[in-house]
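In what follows, a structure is listed as structure tokens, so that the remarks can point back to it.
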Number of protein chains: 2
Amino acid sequence: MARVTISDVARTVGTSKKTISRVLNNDPNVSESMRQRVAAAVAALNYRPLTSARSLAANRSFMIGLLYDNRSPSYIMEVQAGVLEACEAQHYSMMVQPLVSMAPDFVERVEDILSRHRPDGLILTPPITDHPQLLDCLRRQGVPFASIAPRQPEACIGVMLREREAAAAMVEHLVSLGHRRIAHILGDPEHGAGIWRLAGYRDGLARAGLMEDPAYMVQGRFSFESGVAAMRRLLALPLRPTAIFAADDDMAVGAIWAAAEAGVSIPGEISICGFDDTTIATQVWPPLTTVRQPVREMGQRATQELLVRVLNKGEARMVEVDYEMRIRASTAPPP
Amino acid sequence: MARVTISDVARTVGTSKKTISRVLNNDPNVSESMRQRVAAAVAALNYRPLTSARSLAANRSFMIGLLYDNRSPSYIMEVQAGVLEACEAQHYSMMVQPLVSMAPDFVERVEDILSRHRPDGLILTPPITDHPQLLDCLRRQGVPFASIAPRQPEACIGVMLREREAAAAMVEHLVSLGHRRIAHILGDPEHGAGIWRLAGYRDGLARAGLMEDPAYMVQGRFSFESGVAAMRRLLALPLRPTAIFAADDDMAVGAIWAAAEAGVSIPGEISICGFDDTTIATQVWPPLTTVRQPVREMGQRATQELLVRVLNKGEARMVEVDYEMRIRASTAPPP
DNA sequence: GGAGTCCATGTCAGCCCTGTCAGGTACGGT
DNA sequence: ACCGTACCTGACAGGGCTGACATGGACTCC
């Protein structure tokens, strides 16, 4: 059962390879009747063009690359699912590349991928979105890329969300419940998400006329463990906060865990809320109040913009998607 | 900055393209001195072979495909990480394809990928491992594949784990704590994992001389929600079990959630344990007793076996990896 | 010393497509 | 009748690499 090639189809139809190619690539200059005859033959022979041959001849790969640095698996899986959906819609394929953005050979590794596979574009996820040398390198080489939640959204195409505003809204929610002593577990200070959410927390306090208290601002690193550690410190304070806004769900879940460990009732004694609305937010007890980011949609939208640019189908932009508050049982009025 | 090709390297060294090719492909018939000169030129020019050209000429893609049907994201991410590690070691790349194994065009979609990208091999994850038409199709077409935890491990290469034995060991653990009324939340009856873990549960009961009670065997579907539903049914029984073995962590976490909802103390009133040791197992309260599957390693080992077959480097096999009991705070003696 | 063997290297065609450009037809306007 | 234009189609030449085979020199063996 040898491979069916474009020549076989051409022979069957009684035309040239080029015409078959045109039909397959939706070239406008083909008569309707020819289009139909070709389509019939393609279906009959079950012909499918070989990607590597197409790539070589057309000098593009029909593939985009998704680069990520170990954030939470559920985040990446959601992004990946969205990217794949958008790729599929344009008959593109996706290759994924996990990377360590702190590694000394980081940029080199990306260059390696670029020169071996020549992806037509890249999707960058935080924190890779903000790696100056990488961005330089991509711009110099003219490789199109789209970013998800980059720190400098003006400079790129992709997708973003008003995280600062959302964080402020979350603090407002706590304030409206009656809380006055509201702590924040900070995210990674290098990540845009960490910076924006902290800024939003401050906005929220300011709007409510509350003073910032350094003791109530504990550094975390967007991980469950760092949430546990931060919560232990907060619980050790002489005057405990009555509400805690963690910069992501993983840390919020860690905070809930540490509260359980210490026998502190949530939300009875302390309210806790997070950010992201990952799967785990509804699987812990009590269900976590959080801000929903439509991560899958963000992957999809970013990819759509990337493909607009790659395929020259118009002006690609930085798209903004909306957050949604998810008020659940982990927040309640203070005791 | 035009692309550096193999011809540029050949010109620089003063030899033929073929010799460069031989060096790059580790062909044995090259003199040491030539090998070094070529290596130097490759490094100097920063040359990297173009994958699509290699694929076209060599009639192989230097790529394997990972097929999955929406299991839990953390499971897939772990498998994917393992597969990527093993690929990298052999300078292979990976493409992923999420699929719906119940879809009517399932096999056709896989065939599409096969003929377009010609992956040199496939990694199958449950439940795709057990799709008879797909296996037929792959065998007919001679496409190498490796399976992770297939239902019929004798017939394939890949990786497996003694799940039945592990499930029995878990029941034994509960029995040793003094439990006599032990319930089971079943996994998907179509999945090998569901079948083996149920069998192991029965083995465990039998070994302890305990009778099976149909009321204590509640159907689940390997999802959090199904675990919640199953737990609600168990809690409604006139004589509640004192321990519950859920066929996976997601369902166990669902059971813990439903217990919290009902105000039932874990492990005070009921002990709960799961299977898999996914991330969430240590993030819920109380931390979940479970069986650890080395999922990442499994992805890696399966890929190694696949590449052994693909590269004809010996006899590929069905590898067995070990489980480990993780006894945590969710199990304790009955009240 | 001649045949056989082995190894290192080179030549050339071809993998399967698409870009380029030329050719050919149909139709409308002058 | 002629030209211009628009549209459709085909011939051809690669894209960058490797497989098959040829070549030529060094070495072995009787």
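Each chain gets a letter, A, B and so on, in the order its sequence line appears, and its residues count up from 1.
Rounded to whole angstrom, the span from the CD atom of Q36(A) across to the C1' atom of dC8(D) amounts to 16 Å. The nearest whole Å value for the distance from the CZ atom in R54(B) to the P atom in dC17(D) is 9 Å. Note: CG (L24(B)) to P (dG19(D)) measures 12 Å, nearest angstrom. If you take CZ of R37(B) and C1' of dT9(C), they are 11 Å apart, rounded to a whole angstrom. If you measure from atom NE2 of H117(A) to atom C1' of dG16(D), you get 15 Å, rounded to the nearest angstrom. Protein atom CZ of R35(A) is 14 Å distant from nucleotide atom P of dC7(D), rounded to whole Å. The distance between atom NZ of K17(A) and atom P of dG10(D), rounded to the nearest whole Å, is 13 Å. Taking atom CG of N26(B) as the reference point, atom P of dT18(D) lies 12 Å away to the nearest angstrom.
Judged by closest nucleotide on DNA chain C, P28(B) is the one of L56(B) and P28(B) placed further toward the 5' end. Both A58(B) and G14(B) lie close to DNA chain C; mapped to their nearest nucleotides by heavy-atom distance, the more 5′-ward contact belongs to G14(B).
In terms of polar N and O atoms assigned as donor or acceptor, the side chain of R22(B) never comes within less than 3.5 Å of the base of dG19(D) in a complementary pairing. You'll find a donor-acceptor pair under 3.5 Å spanning the side chain of K18(A) and the base of dG19(C), going by distance alone.
Within the 4.5 Å cutoff, side-chain heavy atoms of T19(A) are placed close to those of R22(A). Within the 4.5 Å cutoff, side-chain heavy atoms of Y92(A) are placed close to those of L311(A).
Candidate nucleotides dC8(D), dG16(D), dC17(C) were compared by shortest atom distance to the side chain of R3(B), and dG16(D) ranks first. Each of dG10(D), dT18(C), dT18(D) was ranked by its minimum atom distance to the side chain of S16(A); first place goes to dG10(D).
Between N29(B) and dC7(C) there is no side-chain N or O to OP1 or OP2 distance below 4.0 Å. In this structure, N59(B) does not reach the dG19(D) phosphate: none of its side-chain N or O atoms is under 4.0 Å from OP1 or OP2. Dashed line: the shortest gap from a side-chain N or O of T19(B) to OP1 or OP2 of dG10(C) is under 4.0 Å. Checking the phosphate oxygens (OP1, OP2) of dT18(C), a side-chain nitrogen or oxygen of S21(A) falls inside 4.0 Å. Between S31(A) and dT9(D) there is a side-chain N or O to OP1 or OP2 distance below 4.0 Å.
Counting non-hydrogen atoms under 4.0 angstrom, T15(B) reaches the backbone sugars and phosphates but no base. Residue-level contact check: Y47(A) touches the backbone only, with heavy atoms under 4.0 Å from sugar-phosphate atoms and none from bases. Within 4.0 Å of L50(A), counting heavy atoms only, lie sugar-phosphate atoms of the nucleic acid but no base atom.
No more than 12 heavy atoms of other residues, nucleotides or ligands lie within 6.0 Å of CD in E108(B), so this atom counts as exposed by the packing criterion. Annotation for Q152(A): atom CD does not count as buried by contact number, only 12 or fewer foreign heavy atoms lying within 6.0 Å. The environment of CZ in R116(A) is crowded: more than 12 heavy-atom neighbours from other residues, nucleotides or ligands sit within 6.0 Å.
Each of V159(B), V319(B), V79(B) was scored for a side chain to side chain contact (heavy atoms under 4.5 Å, CB included) with M298(B), with one residue passing: V159(B).
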